[in-house]
Structure formats: C-alpha cells, structure tokens
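A quick write-up on the structure given underneath.
Note that ligands are numbered from 1 as they come in the structure, with each ligand's atoms numbered from 1 the same way.
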Amino acid sequence: MKTQVAIIGGGPSGLLLSQLLHTRGIESIVLERKTKDYVLSRIRAGVLEQGLVRLLEEAGCAERLHAEGYVHDGTLVSYGDEMFRVDFTEHTGTPVIVYGQTEVTRDLYAAREAAGGIIEYEVEDVVINNADSDAPYITYTVGGEPRRVDCDFVAGCDGFHGISRQTIPLDVRREYEKVYPFGWLGILSETPPVNHELIYANSTRGFALCSMRNENLSRYYIQCSLSDKPEDWTDEAFWQELKRRIPADQAAKLVTGPSIEKSIAPLRSFVTEPMRYGNLFLCGDAAHIVPPTGAKGLNTAASDVHYLYNGLRAFYETGSREGIDSYSEKALKRVWKAERFSWWFSSLMHRYPHQSEFDLKMQIADLEFLRSNKAAQQAMAENYVGLPY
Ligand code: RFL
Ligand code: PHB
C-alpha cells in the first residue's frame, strides 16, 4: 500500500490528525494495535481546552461535543474544609468543556469511517523503516500476515508504550522524566456529580478529585499508594476515603453507588527531545506524559497535532518545509509549559512520603496565596484553559 502520511496509533492524536489531513485532501492510513472496542473502553481525559474544541470543529467532529458537552467557567480548589473558586472566564474570557475522551474518540472514529478512511486494527510487529530518508515505509503483520505501507511521512501517535519513540536512535534522543511516588485510583459511577464544577482537593489524607461525564455519571479520583491494586479497594472503602478528603459540606451531599469502572494510573512527567527524526514526527503521549492534575495530557497532544497538521498542510499545498522543519521546536515550547503547570499543580495538591512540616506549611501558604491573589488566580486560569497556539 502507498499513502502520504502513515499514522501509527489510533488514539485521539492519530485519529484527529488523520481526519484533519482528510479535510485538506491529504491521504493517510492509521495503524492501531488494539480493537476499536478496546480503545473505546479506556476511560481517560474529561476536560477539553478551546484549542482542542477548535481543532475538532475544523475536523467536522464537534457537533455532539457542542450538544452534549458541559461548559465550565471555573473550578473549585479545597484544602481541609476550606474551599475557593478560580473563575476561568473572568480571568481569561475562556471556559473549558467537560466531554470525555472516549466520546471524542468515538466521534473521530465515526468521521473517519464516514469518509472511508483506512484504519487497520490489531496490527502487530510494527517497524518504521528508513525514517531518516525520503522514502520511509512501515512493515507490520495482521493475523500473522506481513504487510507494508510506503509513505512520505510517518506520524508516531502510538502513546507512551508505542514503538515510534524507540525508533529514534539513542544518540539523537534525550529523555527527561520524573516519576511521582503515588498513583490515582479512579472510579466511574452512575450517580449525579457532587458539584456542578470540578473540585481539586488537598487533604492531610492525600489528594482527591471530583469530576464528571454528565448529569448522571461521575468520575472521582483519590491519591493512592503505587502498591495498591484496584481490587484492594471496595466501593465502600473508596467512598469513605473520598468523603474524608473533601470539605465536610461536600461530603454530606455526595451521592454514592456501585462503580462501573475502577482503575489505577501511576503519575509521571516525561518529555522526549527532539520530537522529529527525519520524516518521523512524534505526537501526543508518544513524546510526552504529564500527571493528570490539571488535565493537560489530551490537550497537549492536540497542540502537537495542530503544529504537525499545519506543517504537513503547508508542505502539500505550497511545497514549503518551514512548518515541518520547525515542528519539534514549536511543539516542545508549549509542551514544557504544560509540563510545568502539571508538575506545579501536582506538587501543590498531593501528599508526598517524607514531606516535612515545613513542606506542608509551604503547600498551605501557596494555596492561601492562590485563594487571595487575583494575579495568581489569573496565572492558574490561563494555564488551565490552555496557553495559546
Ligand atoms: P493514546 O491515547 O495512548 O493512544 C495511542 C494509541 O496507539 C496504540 N498503539 C499502537 N498502535 C500501533 N502499533 C503500536 N506499536 C502501538 N502501540 C500503541 C494504542 O493502542 C493507542 O490506541 O495516546 P494519544 O492519542 O497521544 O492521546 C493521549 C491521551 O490519551 C492522554 O494524554 C490523556 O488521556 C491524558 N489524560 C488527560 N488528558 C487531558 O487532556 N485531560 C484530562 O482530563 C485527562 N485525564 C488522562 C486523564 C490520562 C489518564 N490516564 C489513565 C493515564 C486521566 C487519566 C486517569
Ligand atoms: C477527569 O474527569 O477524568 C479528569 C478531570 C480533570 C483532571 C483529570 C481527570 O485534572
């Protein structure tokens, strides 16, 4: 097979890039390791920046998002029984949209299918060949059968555990990493959200987050130990622990019920540089990971897609290589700012092993400063709704 852009990974980055290229008549093929049902069963992001919403509009995939997504003008931050609100719209003129990554992915699959886009599922043994030449090609197998795709460019959208990043030789690639000494235990339950906006809670027992998908579907997280397993936590134990970490007036109105999903995610900050090697471009989690505090993962993947899509589009429409040549530098500039915000917000909100009394006082002072200082709230709001691109 021959195509213009071979895309490895059918998560949100790969699908969005493929659909955007399609709107400009640029051909692509998406190679996905799992089945579509498996990809759609992963419960992940819930908060979308305007930048991602605009890209989904440009891709023709925003109708359901506008009909069913929830506009959030602010968020709540609590510590103990104290709580305050950071107003995004007041400080930046921009809200965020609560709409699940699962739904974004579902809409993108539907658009790709309606346009007759090629997505190969359950691909194995994917190898990117001659990435540093003008004639790269991908080899892989499906059901044991060998296949090959020749292309102009390769987009590595295969997430943190994919093969694209590993294709960049070690003497070219530099990796930066911080692993946090805790995880997030998340549950999904068919109960009304405790509050109409998200609550990020710092408590002496550890972090908690109250989020949602819709009026009758709540998403809650609590900081947990890295050695915990989801099955160690009964629903009852989860609800009890959550109630102890959020302000008492919120705990009193929390509606509990059976969980329909329960999983643990470790927290990590990670960046690989450069994000380009010859005609291979890394996008999204393949190149960087943030801890989920601040909801930057999917949104940062989207800004990569924006830079890469515009670079490829300029190349095919005008022959200019400027956009693809500056891709890595432009994407990384924004990535590092998202890394900084996610690291800062994680550091502010979690309990760390060996945290001293002094460290705890610093967290509270930082929270009280944020509570009372308009400039600090504005800085947080600008980062939360997404820095411009
Ligand atoms: P994905 O979603 O990991 O998709 C990569 C795809 O590539 C496939 N793949 C391969 N395909 C072919 N060959 C191979 N060798 C392959 N290896 C892998 C995989 O099967 C998969 O389908 O990466 P992508 O597209 O870059 O998207 C990134 C986002 O998924 C991620 O950043 C977010 O989910 C992070 N995240 C959040 N981001 C936000 O912006 N807002 C949030 O509120 C938010 N909350 C979260 C999150 C992530 C979480 N977890 C579980 C890590 C909450 C959680 C709990
Ligand atoms: C979610 O709803 O899954 C979610 C929301 C905000 C975050 C992380 C996750 O910061």
Side-chain angles (χ1 to χ4, degrees), residues 6-18 30-36 38-49 51-52 70 72 75 96-102 104-105 108-109 119-128 138 140-142 155-167 183-188 193 197-200 207 209-214 217-221 261-268 270 282-305 335 338 341-342 345-346 349 384 386:
I7 300 176
I8 323 248
S13 304
L15 295 170
L16 178 59
L17 178 65
S18 175
V30 175
L31 304 177
E32 167 55 47
R33 188 174 54 172
K34 302 284 189 184
T35 63
K36 178 173 150 188
Y38 182 92
V39 175
L40 289 174
S41 70
R42 293 190 293 228
I43 311 290
R44 289 185 166 184
V47 178
L48 313 186
E49 296 174 359
L52 172 51
Y70 293 81
H72 280 209
T75 193
V96 291
I97 308 290
V98 169
Y99 188 71
Q101 175 170 331
T102 313
V104 171
T105 311
L108 286 166
Y109 272 131
I119 305 176
E120 289 236 56
Y121 296 100
E122 296 184 88
V123 302
E124 291 179 315
D125 312 315
V126 176
V127 177
I128 303 169
I138 316 289
Y140 58 101
T141 60
V142 178
C157 302
D158 48 353
F160 184 63
H161 300 288
I163 52 93
S164 298
R165 185 175 68 252
Q166 318 295 344
T167 304
W184 278 19
L185 168 65
I187 70 158
L188 197 62
E197 289 180 340
L198 273 66
I199 305 174
Y200 288 89
F207 172 75
L209 171 61
C210 305
S211 182
M212 66 208 65
R213 293 293 176 271
N214 62 44
L217 194 55
S218 296
R219 181 77 167 149
Y220 295 105
Y221 298 95
E261 195 265 357
K262 195 183 281 162
S263 53
I264 293 184
L267 269 69
R268 182 194 303 273
F270 174 88
L282 302 181
C283 246
D285 280 15
H288 43 76
I289 295 288
V290 288
T293 336
K296 289 288 149 249
L298 174 63
N299 291 303
T300 310
S303 62
D304 295 349
V305 169
V335 164
F341 176 67
S342 309
F345 200 23
S346 299
M349 299 305 290
Y384 198 96

Identify the closest protein heavy atom to atom 16 (C) of ligand 1: which residue and atom is it, and at what distance? Asp158 CB, 3.7 Å
What part of Leu209, side chain from CB on, backbone N/CA/C/O, both or neither, has a heavy atom under 4.0 Å from ligand 2? side chain
Within the 4.0 Å heavy-atom cut-off, what Val126 brings close to ligand 1 is side chain
Which residue owns the protein heavy atom closest to atom 31 (C) of ligand 1, what's the atom, and how far is it? Asp285 OD2, 3.3 Å
Look at ligand 2 and say whether Trp184 reaches it with a heavy atom at a distance under 4.0 Å. yes
For ligand 2, is any non-hydrogen atom under 4.0 Å from Ile43's backbone (N, CA, C, O), its side chain (CB onward), both, or neither? neither
Should Leu298 be counted as touching ligand 1, given the test is an N or O pair under 3.5 Å? yes
Looking at Tyr384, does the NZ or CZ of Lys296 lie under 6.0 angstrom from its six-membered ring centre and within 45 degrees of the ring axis? yes
Check: Arg42 N/O within less than 3.5 Å of ligand 1 N/O: yes
Any idea which protein heavy atom is nearest atom 3 (O) of ligand 2, and the distance to it? Tyr221 OH, 2.6 Å
Are any of the heavy atoms in Gly46 under 4.0 Å away from ligand 1? yes
Is Ile43 close to ligand 1, meaning an N/O of one under 3.5 Å from an N/O of the other? no
So is Tyr221 in contact with ligand 1, going by heavy-atom distances below 4.0 Å? yes
Near Gly284 (heavy-atom distance under 4.0 Å), the atoms of ligand 1 are 26 (O)
Pairs of nitrogen or oxygen atoms closer than 3.5 Å, one from Arg33 and one from ligand 1: do any exist? yes
For Arg44 and ligand 2, answer yes if some heavy atom of the residue is under 4.0 Å from a ligand atom, otherwise no. yes
Could you tell me whether Lys36 sits above the aromatic face of Tyr109, with NZ or CZ closer than 6.0 angstrom to the six-membered ring centre and within 45 degrees of the axis? yes
Mark up the atoms of ligand 1 that fall under 4.0 Å of a heavy atom belonging to Val47, in ascending order. 41 (N), 43 (O)
Ligand 1 atoms in contact with Lys34 (distance to a heavy atom under 4.0 Å): 20 (O)
Is the ring centre of Phe345 less than 6.0 Å from the ring centre of Tyr200? yes
Tyr99 ring center within less than 6.0 Å of Tyr70 ring center: no
N/O to N/O below 3.5 Å, does that happen between Gly297 and ligand 1? yes
Can you find an N/O atom of Glu32 closer than 3.5 Å to an N/O atom of ligand 1? yes
Got an N/O contact under 3.5 Å between Gln101 and ligand 1? yes
Of all the atoms in ligand 1, which lie at a distance below 4.0 Å from a heavy atom belonging to Leu31? 11 (N), 12 (C)
Using a 4.0 Å cut-off to any heavy atom of Gly162, which atoms of ligand 1 qualify? 17 (N)
Test your reading of the structure: does Asn299 have an N or O sitting under 3.5 Å from an N or O of ligand 1? yes
Honestly, for Phe345 the part within reach of ligand 2 (heavy atoms, under 4.0 Å) is neither
Are side-chain heavy atoms of Met212 and Arg219 found at a separation under 4.5 Å? no
Tell me: protein heavy atom nearest atom 3 (O) of ligand 1, and distance? Arg44 NH1, 3.1 Å
If you compare Ser164, Cys157, Gly294 by their heavy atoms, the one closest to atom 5 (C) of ligand 1 turns out to be Cys157
Which heavy atom of the protein is the closest neighbour of atom 2 (O) of ligand 2, given with residue, atom name and distance? Ser211 OG, 2.6 Å
Counting from 1 in the order shown, the ligand 1 atoms closer than 4.0 Å to a non-hydrogen atom of Gly159 are 3 (O), 5 (C), 23 (O)
Please write down residue, atom name and distance for the protein heavy atom closest to atom 37 (C) of ligand 1. Ala45 CB, 3.2 Å
Looking only at protein heavy atoms, what sits closest to atom 6 (C) of ligand 2 is Tyr200 OH, 3.3 Å
Tell me, which protein residue and heavy-atom name are nearest atom 8 (C) of ligand 2, and how many Å apart are they? Pro292 O, 3.4 Å
Give me the ring orientation class for Phe160 and Phe270: parallel if the planes are under 30° apart, tilted from 30 to 60°, perpendicular past 60°. perpendicular
